[in-house]
Amino acid sequence: MQLQDTFGRRFNYLRLSITEMCNFRCNYCLPNGNDCDTPKGGLSITEIGTLVKAFAKLGTTKIRITGGEPALRKDLVDIIKLCKQTQGIEKVAMTTNGFLLNRDIQKYQEAGLDAINVSADSLDPRMFQAITGNQKLTDILAGVDKAIAAGLKNVKLNTVLLKQFNYQQLETFFDYLKHHAVTWRFIELMQTGDNGAFFADNHVPGSMLKDSLLQQGWQRIVREKDAGPAQEFSHPDYQGNIGLIMPYSQDFCKSCNRLRVSSQGKLHLCLFAEQGLDIRHLLANDDVENVCRYIVAHLQDKDATHYLGQGYTGATKQLAMLGG
Ligand code: SAM
Ligand code: SF4
């Protein structure tokens, strides 16, 4: 079985948020930390089990665990294991701010984690603190090194491009990539319900960085058809690669292959959908068939594209709600 929408796009990738809570205060996401009304109780591990079985039955082969900050969940290792052991799931990935990576990477790997994206918005501790409100950059990078040394094949770093902050220090990322065989992905800042003024001051079109990469001899890597929306580049003088995620570019949504479920059990057909569709009540009785029916029926309502270019941000106040 394959999930397909009315535009012929196929969906084999689930991004599952397991908590809305976060311990960082990234200036583009949660500048004041969590609100006091941030929902605390995420899906239970039993509910996650039902959900993952249903998606796997519908042809999902890859799950990305995200948040908020997924490492805040004490049962994270069990969740990784559960996803990995579900029949049909081939790849389990996670996006994290990395605050426990140095301590826990081995446990994640033993549980079956195949790939990890670590957010690091600067390589300069002071700039990192200015962006994230956190001082643990050195420890986070040590965790990244440990993940690479442990043989985790797919280690990627994520940086949101910010005109008034890290965009001034791009050369530090290039220096790092000379000697580190990782993919560093630069994400174009997206406008959300909460960050309008910050967006106006800090948005840099990813195409500007792309033009500069091409001028410096970086070459586009041809990727598999279902590889997702990042454009990747390599250069013979660098061990690492660069990825660009440009959600405002034309045709970005044409390659969409993912669906999202929030930690509160809401199905989001798009990161910027008008609303999440509540499936939590279906998860209680391990009723996999019913969950499958619900997903198939509602997928037909998925829009061709987000309307971010027109400033429409849907129900998404910030990306910690859904995991990016
Ligand atoms: N807390 C984890 C982390 O930061 O990696 C996982 C959740 S976070 C919402 C997932 C990704 O979304 C991170 O790479 C983050 O930098 C990115 N992100 C958050 N808000 C964004 C925005 N407004 N525009 C672009 N990327 C954003
Ligand atoms: Fe937390 Fe990730 Fe949002 Fe930063 S981007 S505040 S680490 S959820």
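As the structure lists them, so they are numbered: ligands from 1, and atoms in each ligand from 1. Atom set for the values below is all heavy atoms of this structure, side chains included, hydrogens, waters and symmetry mates excluded.
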field: Side-chain touch Thr38/Leu30, heavy atoms, less than 4.5 angstrom
entry: no
- prompt: Quick one: does Cys26's side chain get under 4.5 Å of Thr132's, heavy atoms only?
  reply: yes
For atom 23 (N) of ligand 1, closest protein heavy-atom neighbour: Met190 O, 3.0 Å
- prompt: Where is the nearest protein heavy atom to atom 9 (C) of ligand 1: which residue, which atom, and how far?
  reply: Leu319 O, 3.5 Å
- prompt: Which atoms of ligand 1 are found less than 4.0 Å from any heavy atom of Asn195?
  reply: 23 (N)
task: May I ask you to say whether Arg73 pairs ionically with Asp75, meaning some side-chain N is under 4.0 Å from a carboxylate O?
output: yes
query: With atoms numbered from 1 as shown, which atoms in ligand 1 lie under 4.0 angstrom from a non-hydrogen atom of Glu188?
result: 25 (C)
message: How far is atom 19 (C) of ligand 1 from the closest protein heavy atom, and which atom is that?
response: Tyr28 CE1, 3.5 Å
Heteroatom distance test (Glu69, ligand 1): nitrogen or oxygen, under 3.5 angstrom: yes
field: Asn97: numbered ligand 2 atoms lying under 4.0 Å from its heavy atoms
entry: 7 (S)
- request: Check whether any N, O or S atom of Cys22 sits under 2.8 Å from atom 4 (Fe) of ligand 2.
  value: no
message: Is any side-chain heavy atom of Asn166 closer than 4.5 Å to one of Phe186?
response: no
task: Report, in ascending order of atom number, the atoms of ligand 2 lying under 4.0 Å from any heavy atom of Ala320.
output: 8 (S)
query: Mind checking whether Phe199 and Thr192 have side chains closer than 4.5 Å, heavy atoms only?
result: no
message: As a test of understanding, state which of Lys91, Lys62, Lys84 forms a salt bridge (charged side-chain N to carboxylate O under 4.0 Å, His left out) with Asp114.
response: Lys84
message: Only heavy atoms of Asn158, strictly under 4.0 Å: list the atoms of ligand 1 that pass.
response: 14 (O)
- line: The atoms of ligand 1 lying under 4.0 Å from a heavy atom of Ile187, numbered in the order shown, are 14 (O), 25 (C), 26 (N)
query: When you measure from atom 4 (Fe) of ligand 2 to every protein heavy atom, which one gives the shortest distance, and what is it?
result: Cys26 SG, 2.3 Å
field: Note, Lys302 side chain near Arg9 side chain (heavy atom, < 4.5 Å)
entry: yes
message: Under the criterion side-chain contact (heavy atoms from CB on, under 4.5 Å), I'd like the reasoning laid out for Phe11 against Leu58: C-alpha separation, chi angles, the key distance, then a yes or no.
response: CA-CA 9 Å; Phe11 299 88; Leu58 295 170; over 6 Å; no
message: For atom 1 (N) of ligand 1, which of the options Cys22, Gly67, Gly68 provides the nearest non-hydrogen atom?
response: Gly68
Ligand 1 contact on Thr96 by region, counting heavy-atom pairs under 4.0 Å: backbone
query: Is the Phe198 ring parallel, tilted or perpendicular to the Tyr28 ring (thresholds 30°, 60°)?
result: tilted
task: If you have a sec, work out which protein heavy atom is nearest atom 10 (C) of ligand 1 and how many Å separate them, to one decimal?
output: Gly323 O, 3.4 Å
task: Decide yes or no for Gln275 and Leu277: does some side-chain heavy atom of the first lie under 4.5 Å from some side-chain heavy atom of the second?
output: yes
query: What part of Thr95, side chain, backbone, both or neither, has a heavy atom within less than 4.0 angstrom of ligand 1?
result: both
- request: Below 4.0 angstrom from a heavy atom of Asn97, which ligand 1 atoms are there? Numbered from 1 as shown, please.
  value: 2 (C), 3 (C), 5 (O)
message: Taking side chain to side chain contact (heavy atoms under 4.5 Å, CB included) as the criterion, tell me which of Asp104, Leu76, Val92 meets it with Leu113.
response: Val92
Atoms of ligand 1, numbered as shown, that sit under 4.0 Å from any heavy atom of Thr66: 6 (C), 7 (C)
- prompt: Would you call Gln318 a ligand 1 contact, heavy-atom distance under 4.0 Å?
  reply: no
task: Answer with side chain, backbone, both or neither: which part of Cys29 has a heavy atom less than 4.0 angstrom from an atom of ligand 2?
output: side chain
- prompt: Side chains of Gln191 and Tyr248: closer than 4.5 Å at any heavy-atom pair?
  reply: yes
message: Could you tell me if the side chain of Phe128 sits less than 4.5 Å from the side chain of Asn134, heavy atoms only?
response: yes
task: Can you pull out the closest protein heavy atom to atom 14 (O) of ligand 1? Residue, atom name and distance to 0.1 Å, please.
output: Ser119 OG, 3.0 Å
Closest protein heavy atom to atom 12 (O) of ligand 1, given as residue, atom name and distance to 0.1 Å: Gly324 CA, 4.1 Å
task: Please work out whether the ring planes of Phe252 and His306 are parallel, tilted or perpendicular, with thresholds of 30° and 60°.
output: tilted
task: Considering heavy atoms of the protein only, find what lies nearest to atom 17 (C) of ligand 1 and give residue, atom and distance to 0.1 Å.
output: Val160 CG2, 4.1 Å
